[in-house]
Amino acid sequence: MGKARGNHVKVLLYYFIPFALLLALFGGAGLFIYERTAQKVESNAQSTAQYMLVQMQENLERRFVEVETIAMQVASNTKVLSFLQVKDPFRDSNPYRIIDVKNDLFDYSLVNQFLIDYYVIYPESELAISPKSVSKLRQLYDLKFQYEGVSYEEWREMLLSNDRSKQYVPGRASLYQGKSSSVVTFLQPFGTGTQNGQVLMLIDNTQIRGMLSNLTLSGGVAFIANKQGELISSFGNGPFSLSLTSMKDGYYHMEVGGENMYVTRISSSYSGWTYVALQPEKKLMERAEYIRETFLTVLVIALLGGLLAALYFSYRNSQWLWKMLRLLPEQRGVTTNTASVRHTMDYVGQSVTSLIFNHETLLAKLDEQLPLLRSAFLGRLLRGQFPSSRDIELAMEHSKLSWEGRYVTVAILQLASYKGAYTEEILDELDIQKLGIRELITKEYAGMVTTLDLDEHQIALFLHGDASSRKRFEEKTRQLLEELQSGISEKLGVLTYIAAGGSCSQLTDVSRSYQEAGFLLDRKEWSAEQPVACHGDIGTIAIQAYFYPSDLEQRLMGLVKSGNSQEVKGVLAQLAEKNVQERSLPHSVGKIFIHELSGTLLKCCEQSTIPAEELHDEREGALLATEPKRTMEESLELLGDAFLSLCDKHHDRKKSHNDELKERLIAYVEQNYSRTDLGLTLLAEELQTSETYISYFFKEQTGVNFSEYVERLRMNAARQLLKEGDASVNEIARLVGYYSLNSFSRAFKRANGISATEYRKGK
């Protein structure tokens with residue numbers, strides 16, 4: 001018993017002495033580190049403040065550069081520039097141009113959280129266009145965006161006064177869509193000479209202030225000022241009136257507002273702006289003292305805890321194996337013999353094996369997600385959403401993509417086997433065809449061609465490789481595409497058209513090659529004899545014009561207004577025959593024709609006397625017909641229904657007007673037939689129209705001439721008076737509207753076959 005206890009003490013000392021020596025060594029190192037830490041705390045605070053300020057400055061300026069780049073892209077948009085010439089935005093077909101400009105603007109706020117919204121301002125037409133809305137400047141001020149406490153006139157002058165250079169308007173309280181917010185405004189003018197516009201970018205100031213808040217302690221201040229000393233954004237409670245000229249770049253101590261402050265100030269070499277952070281000395285030193293006290297406390301506690309732990313683990317280390325033997329089976333829920341060391345080791349081995357297996361399974365699942373990552377990367381590359389080549393390289397590495405060679409060309413492969421509306425069966429067939437094409441490309445052109453599905457019948461092809469020159473690479477590309485198209489036709493029996501853009505040596509230019517391919521695909525007249533075209537072929541393409549002469553447009557508008565639905569159907573059928581059956585128009589030309597026909601429908605609605613609220617369906621039909629994904633046949637069907645609907649409304653309105661006019665005309669004649677001056681002239685004056693129209697209308701509505709109808713009324717009245725009254729024939733002639741007895745007598749005998757005197761005698 002005593003021997004066993006002595007052995008236990010020896011074992012305990014054997015384990016304890018190494019722990020104690022290590023604790024002494026670590027304790028001495030801790031004291032040395034403590035002294036060094038006490039000296040470095042303040043300098044670390046300085047470097048940390050400078051580092052955070054520099055990081056914030058770089059991050060903000062990168063955001064501002066993105067905003068300025070977006071503004072320049074919007075300002076250089078050809079549709080945005082061409083609209084500067086429009087003074088009356090709602091005249092003729094200008095509403096369509098407004099819609100065209102709006103649809104061409106990308107909603108950058110979806111991909112840039114720093115940007116709230118942006119508007120293109122046209123001073124000439126008093127119009128503001130954004131990807132989400134179109135409004136007049138007054139509507140933009142009343143409903144969308146305004147500075148608090150600033151009148152419309154001041155707000156408008158602030159937006160339109162700068163016409164030559166970009167400008168940042170400092171952050172200030174604003175109302176955006178009826179809600180209070182803080183906005184930093186960036187203005188980018190565009191246009192030349194007398195026709196200028198502005199791109200108005202709304203930047204979320206709360207995000208800037210949130211970044212500034214990370215630079216301040218309790219009671220601290222951080223702000224950004226431009227070259228003129230104006231505050232762009234700030235966080236904290238002043239003083240913001242501090243003169244920037246009295247401050248220099250760097251980190252130093254300064255008394256501000258009666259309080260000792262540590263000032264960190266840097267100036268941007270890019271924008272010339274100043275970034276300043278002021279931290280109270282008291283608060284900063286509290287943190288330093290707290291760190292020192294905490295470090296010393298932790299060191300002492302660690303040494304004491306280490307001694308106790310050394311004693312504890314010295315005791316426990318002699319029993320580690322038995323502890324494991326008791327612990328592992330309990331975790332597994334299995335009761336085992338604690339002496340079965342092999343069983344426990346088997347369990348540990350199984351656990352490690354399971355961990356390795358799970359790790360490999362996780363890697364396999366990550367590999368399964370690679371197609372999605374690659375599709376997302378290729379889609380962003382086509383849209384030009386990478387700001388730099390370095391970002392593209394990182395994304396390719398993440399997607400495990402590697403393209404060899406100096407040049408890249410983007411081509412669009414389009415299935416030509418079907419045109420029209422898609423059904424579920426057709427979509428399944430198109431998917432099968434695209435699957436076969438991708439497998440063929442993977443099998444025969446792996447390492448040279450990368451594919452990406454664009455839509456139901458289009459595949460993007462990324463052709464990459466090397467050549468002695470760009471021209472030689474484009475020749476190789478054409479040969480490869482012709483070989484690929486031929487192989488698809490022979491092996492899969494699928495007719496395809498392929499349009500290739502120009503080659504590029506920088507991956508940031510891939511979007512340009514893609515746009516060139518799309519341009520060529522839309523404008524070329526495709527056939528089975530020429531199924532492949534490259535960017536260099538653009539100059540040889542003859543674009544066929546559509547049929548829609550101006551006199552036919554005027555005739556169509558006149559027929560719609562007159563309510564002649566049969567003739568309207570004939571004109572629409574003629575347009576469909578000329579442009580769909582007789583001509584093979586390129587997609588883009590067909591779209592122009594549809595847009596012009598939609599404009600004609602809008603003109604008919606504009607010139608109509610029918611109330612605007614009753615023309616909602618026709619206007620909506622004109623807009624729906626111009627949607628990009630609709631075929632020409634679908635668009636013509638929509639427009640045809642809208643034209644006929646408007647024609648029927650004109651017809652119904654005309655018929656209602658004719659019934660009302662007929663009732664007024666008959667009532668007036670029956671009340672005034674006894675007037676000797678009753679005639680077409682009197683009726684024309686009464687109804688404010690022409691005598692010719694009255695004569696034509698009367699004959700059309702009653703079936704008899706006006707004079708015959710009046711004579712019939714007068715003869716009926718004369719016969720009644722001859723039967724019932726004692727008035728003379730001469731007096732009766734005057735009572736029923738005749739100038740003389742002779743004219744009455746001739747008319748009476750012509751109508752009744754006998755004279756008035758004989759008629760009275762025979763009554």
Side-chain angles (χ1 to χ4, degrees), residues 69 72-73 76-78 104 106 111 374-396 399 401-415 434 437-438 441 445-455 457-485 488 496-524 526 530-541 543 586-588 628:
T69 301
M72 287 298 296
Q73 290 176 352
S76 61
N77 186 299
T78 55
D104 207 49
F106 180 74
V111 296
R374 291 175 178 174
S375 296
F377 162 71
L378 295 174
R380 293 186 63 195
L381 190 62
L382 288 181
R383 294 189 293 272
Q385 294 179 346
F386 290 101
S388 66
S389 298
R390 177 58 180 166
D391 293 330
I392 296 177
E393 292 172 0
L394 292 175
M396 291 185 70
S399 304
L401 274 176
S402 178
W403 290 348
E404 297 181 356
R406 291 183 296 169
Y407 301 109
V408 178
T409 293
V410 178
I412 300 177
L413 183 149
Q414 178 167 297
L415 301 176
K434 289 194 295 182
I437 292 171
R438 288 196 301 270
I441 292 173
Y445 303 97
M448 293 184 291
V449 182
T450 304
T451 63
L452 173 67
D453 279 2
L454 295 178
D455 56 22
H457 64 289
Q458 288 185 349
I459 300 175
L461 307 178
F462 298 82
L463 298 95
H464 37 86
D466 209 346
S468 57
S469 65
R470 185 187 300 271
K471 183 178 180 180
R472 178 56 184 158
F473 176 76
E474 291 177 351
E475 292 174 354
K476 290 172 61 178
T477 298
R478 182 187 292 272
Q479 295 173 2
L480 188 149
L481 292 177
E482 291 175 349
E483 178 184 338
L484 172 61
Q485 195 279 334
I488 293 174
T496 58
Y497 302 140
I498 304 177
S503 61
C504 54
S505 57
Q506 297 291 332
L507 292 179
T508 51
D509 295 332
V510 165
S511 60
R512 172 185 55 77
S513 180
Y514 171 65
Q515 292 171 0
E516 292 171 350
F519 178 89
L520 182 59
L521 185 68
D522 287 341
R523 284 154 180 79
K524 178 173 171 54
W526 295 97
Q530 293 182 335
V532 176
C534 295
H535 180 63
D537 303 336
I538 290 180
T540 63
I541 295 176
I543 300 178
H587 176 75
S588 57

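Both backbone and side-chain heavy atoms feed into the values below; hydrogens, waters and symmetry mates do not.
Annotation: the span from Q479 atom CD to L481 atom CG amounts to 10.5 Å, rounded to 0.5 Å. Distance CD/E404 to CE/M448: 11.0 Å, rounded to 0.5 Å. With values rounded to the nearest 0.5 angstrom, R383 atom CZ is found 7.5 Å from F106 atom CZ. The CG atom of L520 sits 11.5 Å away from atom CD1 of I498, with the distance rounded to the nearest 0.5 Å. Rounded to the nearest 0.5 Å, atoms CD1 (I459) and OG1 (T496) are 9.0 Å apart. Atoms CG and CG, from L507 and D391 in turn, are 12.0 Å apart once rounded to the nearest 0.5 Å.
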- Query: Under the side-chain contact (heavy atoms from CB on, under 4.5 Å) criterion, do T450 and R374 qualify, and how do the steps go?
  - Reply: CA-CA 10 Å; T450 304; R374 291 175 178 174; over 6 Å; no
- Task: Applying side-chain contact (heavy atoms from CB on, under 4.5 Å), run through I488 and L413 and close with a yes or a no.
- Result: CA-CA 11 Å; I488 293 174; L413 183 149; 3.7 Å; yes
- Derivation of the salt bridge (charged side-chain N to carboxylate O under 4.0 Å, His left out) call for E474 and K471: CA-CA 5 Å; E474 291 177 351; K471 183 178 180 180; over 6 Å; no
- Message: Could you go through L452 and S375, starting from their C-alpha distance and side-chain angles, then the distance that decides it, and tell me whether this counts as side-chain contact (heavy atoms from CB on, under 4.5 Å)?
- Response: CA-CA 6 Å; L452 173 67; S375 296; 3.9 Å; yes
- Task: Walk me through it: do E475 and R472 pass the test salt bridge (charged side-chain N to carboxylate O under 4.0 Å, His left out)?
- Result: CA-CA 5 Å; E475 292 174 354; R472 178 56 184 158; 3.3 Å; yes
- Applying salt bridge (charged side-chain N to carboxylate O under 4.0 Å, His left out), run through E516 and R512 and close with a yes or a no. CA-CA 6 Å; E516 292 171 350; R512 172 185 55 77; 3.1 Å; yes
- Run the side-chain contact (heavy atoms from CB on, under 4.5 Å) check on N77 and Q73 step by step: do they pass? CA-CA 6 Å; N77 186 299; Q73 290 176 352; over 6 Å; no
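Looking at every heavy atom in both residues, F377 comes nearest to A395 through CD1-CB, 3.5 Å. A517 and V410 get closest at one heavy-atom pair: CB-O, 3.7 Å. Minimum heavy-atom separation, R406 to A467: NH2-O, 2.5 Å. Closest approach of A500 to T409, counting heavy atoms only: CB-CG2, 4.3 Å. The minimum heavy-atom distance linking L381 with F386 is given by the pair N-CE1, 3.7 Å. Residues A411 and L463 come closest through the heavy atom pair CB-CD1, 3.9 Å.
Using a distance-only test at 3.5 Å, with no hydrogens or angles considered, no donor-acceptor pair links the side chain of T451 to the main chain of L461.
With contacts defined as side-chain heavy-atom distances shorter than 4.5 Å, the pair I437/L415 qualifies. Looking at Y514 and I412, their side chains come closer than 4.5 Å, going by heavy atoms from C-beta outward.
In this structure, R470 is not positioned above the aromatic face of Y407 in the sense of NZ or CZ being under 6.0 Å from the six-membered ring centre and within 45° of the axis.
A parallel orientation is assigned to the rings of H464 and W403, their planes being inclined by less than 30° (bins at 30° and 60°).
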